[in-house]
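Below is one structure, written out as structure tokens; comments come after it.
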2 protein chains.
Amino acid sequence: MGVRIHEVAVRAGVSVATASRALSGQRGVRAENRDRVLAAARELDYEPNAVAAALRSRVTHTIGMIVPRISNPFFATLVEAVEGRLQDGRRSLLLAGSHYDPEVERQQVRSLLDRRVDALVAVPCHQHHSTETIGNAAERVPVTQLDLRVDGFHGDWVGVDNEAGVFQVVDHLAALGAHSLAFVGSHPSDSSAQARLDGYERAAARHAHHSGPVLLGDFSKEWGRQAAEKLMDSEGLPDAVVCGNDTIALGVLAALIERGVRVPEEVMVTGFDDIPYAELSRPALTTVRQPQERLAAEAVRLLTSVMEGEQRPPQRIAVAPDLLVRGSTKR
Amino acid sequence: MGVRIHEVAVRAGVSVATASRALSGQRGVRAENRDRVLAAARELDYEPNAVAAALRSRVTHTIGMIVPRISNPFFATLVEAVEGRLQDGRRSLLLAGSHYDPEVERQQVRSLLDRRVDALVAVPCHQHHSTETIGNAAERVPVTQLDLRVDGFHGDWVGVDNEAGVFQVVDHLAALGAHSLAFVGSHPSDSSAQARLDGYERAAARHAHHSGPVLLGDFSKEWGRQAAEKLMDSEGLPDAVVCGNDTIALGVLAALIERGVRVPEEVMVTGFDDIPYAELSRPALTTVRQPQERLAAEAVRLLTSVMEGEQRPPQRIAVAPDLLVRGSTKR
DNA sequence: TCCGCTACGGAAATCGGTTTCACTTTTGTG
DNA sequence: CACAAAAGTGAAACCGATTTCCGTAGCGGA
């Protein structure tokens, strides 16, 4: 197999202990010996066995991440942003997907912990059924919840202020003169769905409208299509359809346009997330941008601070999102 | 810390060796002892330390994957599909992104190998500059290239038959009466870009057209927009624009429609990949569907067979793609 | 010169499992 | 029933690093 630290030590004429210290850059090694060890390592093309190092030092330099669906562009962007932040150090990312199933999530998290990840970034798939999984994990390693969070467990969380985002949307629509609204979202099984629904109802109330039809399904374009059909089949389309996320909104948009409804003249449509394709639809989608780079950076920062032993109470960081006005709401 | 196998063995009244055998399901343990070990493990909530097991057994049950860009929905879907296939066993995925930089890719692959992944699924970012990295990796662990592949290294590869896909597109356009074509693609720095460009030129020649303008940039929607602007600024739009992938095509589509060009009546547009949002554009995008689930399944199958010691020559599996005809090319 | 302190360096313990090896017990067969 | 083969078991070696522990050398100060 490969060359071991023992060979490096022999070639450098020092003990294994000294070689180890030199390679990990610890102080307590004379410069001359350090240089000879490093030279020997280079000459032999020494590749340290990270598994052995992890066993003894109890640090794997690996962090775990679990998301509901890897292929969702929103989560994929988060994964990329987290991975990018880790690369600075020499850390790697063990990735798992829960497919929105709390039982799968439980097993996946357990598998990550068995592998002794140093910390966990979790986007929990359910605001209630994920609580135990997240809580158990948090007893073993530092955990930061990202984007979504569970109910009944108070730990670090970084996400966007969903209610504020929905408020901006509704204010914007009201300013454009929309009187009747509808909401197409997801059943509140996760914290974002919940917050966006709550935000919508409070915002609509604030503008003294009744909130109009509220249709709840899941975060898919298919559901967006279905919901749009329902709205068109009922009497009187609303002035604007507020959607729980971009995927739904794109489905709604496609269904409306297929049936010849003009957007935004007859009905305005808004999304949430600003996924990469929100700006490519016709009309381009007015939406709420989540600063994912920032979210990921904060999440990694929180984890790192705990891993370095910082003692502090759990933090919840709600980043304010930006409204992006595009063609789907302009007159 | 946690409970170790030693405690489990004591509680079950057997040796550590027997406990290990029982837990890993090896034969050679009396049923009674096996049951007692399993019971003890359950009662103590024993969680095996995968790091220690990996050190001795030299098997990490972890496979590495590197892709050019995690946030690209096409790659994200591949990642999800690969991860899904692994879940069957108790294997996990160490994920890395190269950001299309061969030097970053080299470091990332090295990091994965240091962590002693059992195998590597690689989507190499450059058909030439990635060759050394992939070749070196292949000397250490089984490697399967997925989607893209490097030049000058003959190993397992699973991907789509890009030339066949482009042929289908051009045949379809010709059947609809398109006489003049244009191609908007990426500089052939990766094998798909190369194959699609080659395929386009051969297909166009076969239909006795000259191939028309060929514009090369990168696989981004911005480049699609720019290229469309160039086409519109030159004299005489072609009957159809064949794009190197969906992202470019969506950019082209958006730019054309913004300038009032009717699609497909004046110009038809095609993509490649069938990313999730290809069907949501207006008009919906005619494209070539890559069977990603199938590709991922084949890739994992190839790796698994090598890991199980099968001896065979390197395989190249080119899956035939399907043409999906949508609004952007129908009359 | 002597003493104490710090910096170095090596032998050996350690991390927590798996695997080998030698020995004992069962099982199978003629 | 005798004896070979197979199955079951535990002690100890092992995987390859890091870390502890302790001894030695070098240095500054009294």
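Here is how names work: the chains are called A, B, and so on, in the same order as the sequence lines, proteins then strands, and each is numbered from 1.
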Measure the distance from [atom1] on [X] to [atom2] on [N] and round it to the nearest whole Å.
X       : N       : atom1 : atom2 : result
E47(A)  : dG16(D) : CD    : P     : 14 Å
R56(A)  : dT14(C) : CZ    : P     : 8 Å
R115(A) : dG17(C) : CZ    : P     : 15 Å
L55(B)  : dT18(D) : CG    : C1'   : 12 Å
H6(A)   : dA12(C) : NE2   : P     : 13 Å

**Study point:** Rounded (10°) bend between the five-pair end axes of the helix from dT1(C)-dA30(D) to dG30(C)-dC1(D)
**Key:** 30°
Rounded to the nearest 0.5 Å, what separation is found between the [atom1] atom of [X] and the [atom2] atom of [Y]?
X       : Y       : atom1 : atom2 : answer
T77(A)  : L295(A) : OG1   : CG    : 11.0 Å
R42(B)  : L44(B)  : CZ    : CG    : 11.0 Å
D118(A) : L86(A)  : CG    : CG    : 10.5 Å

**Study point:** R30(A) side-chain proximity, nearest of dT18(C), dC15(D), dG9(C)
**Key:**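 Side chain of R30(A) sits closest to dG9(C).
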Review point. From the list dG16(C), dT18(C), dA13(C), which nucleotide is the closest neighbour of the side chain of R4(B)?
Key: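 For the R4(B) side chain, the nearest candidate turns out to be dG16(C).
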Check your understanding: Hey, does the side chain of Y46(A) come within less than 4.0 Å of dG16(D)'s phosphate (OP1/OP2), counting only N and O?
Key ->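 Y46(A) to dG16(D) OP1/OP2: no side-chain N or O under 4.0 Å.
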Exercise for review: Output yes when at least one side-chain N/O atom of R58(A) is less than 4.0 Å from OP1 or OP2 of dG16(C), else no.
Suggested key: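 Result: yes.
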Ignoring hydrogens and angles, write down the donor-acceptor pairs under 3.5 Å from the side chains of residues 99-112 of chain B, residues two or more places apart or on other chains.
from: D101(B); atom 1: OD1; to: E103(B); atom 2: N; distance (Å): 2.8
from: D101(B); atom 1: OD1; to: V104(B); atom 2: N; distance (Å): 3.4
from: E103(B); atom 1: OE1; to: R106(B); atom 2: NE; distance (Å): 3.2
from: E103(B); atom 1: OE2; to: R106(B); atom 2: NH2; distance (Å): 2.9
from: E103(B); atom 1: OE2; to: Q107(B); atom 2: NE2; distance (Å): 3.2
from: E105(B); atom 1: OE1; to: S130(B); atom 2: OG; distance (Å): 2.5
from: E105(B); atom 1: OE2; to: C125(B); atom 2: N; distance (Å): 2.9
from: Q108(B); atom 1: NE2; to: E83(A); atom 2: OE2; distance (Å): 2.9
from: Q108(B); atom 1: NE2; to: Q87(A); atom 2: OE1; distance (Å): 3.2
from: Q108(B); atom 1: NE2; to: G97(B); atom 2: O; distance (Å): 3.1
from: S111(B); atom 1: OG; to: S92(A); atom 2: OG; distance (Å): 3.2
from: S111(B); atom 1: OG; to: R115(B); atom 2: NH1; distance (Å): 3.0

**Study point:** Close residues, residues 31-45 of chain B, relative to DNA chain C [heavy-atom separation under 4.0 Å]
**Key:**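 Close to the strand, none.
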[X] versus [Y], closest heavy-atom pair with distance:
X       : Y       : answer
A193(B) : S189(B) : CB-N, 4.4 Å
A19(B)  : A9(B)   : CB-CB, 3.9 Å
S191(B) : D147(B) : OG-O, 4.3 Å

**Study point:** E32(A) and R36(A) ion-paired at < 4.0 Å
**Key:**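 Answer for the salt bridge query: yes.
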Practice item. Please work out which of the three classes, parallel, tilted or perpendicular, describes the rings of H129(B) and H126(B), given edges at 30° and 60°. Key: parallel
Exercise for review: Sorted by first residue and then second, give each salt bridge (Lys or Arg N to Asp or Glu O under 4.0 Å) pair with at least one member in residues 299-316 of chain A; sequence neighbours left out.
Suggested key: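 Counting only pairs at least two positions apart or across chains, the salt bridge (Lys or Arg N to Asp or Glu O under 4.0 Å) contacts touching residues 299-316 of chain A are D156(A)-R312(A), E298(A)-R301(A), E310(A)-R312(A).
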Exercise for review: Can you sort out which residues in residues 8-29 of chain B have a heavy atom within less than 4.0 Å of DNA chain D? Ascending by number, please.
Suggested key: V14(B), S15(B), A17(B), T18(B), R21(B), R27(B), G28(B), V29(B)
Exercise for review: Sorted by first residue and then second, give each side chain to side chain donor-acceptor pair (under 3.5 Å) pair with at least one member in residues 66-76 of chain B; sequence neighbours left out.
Suggested key: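 Every side chain to side chain donor-acceptor pair (under 3.5 Å) pair that includes a residue of residues 66-76 of chain B, provided the two are not neighbours, is E80(A)-S71(B).
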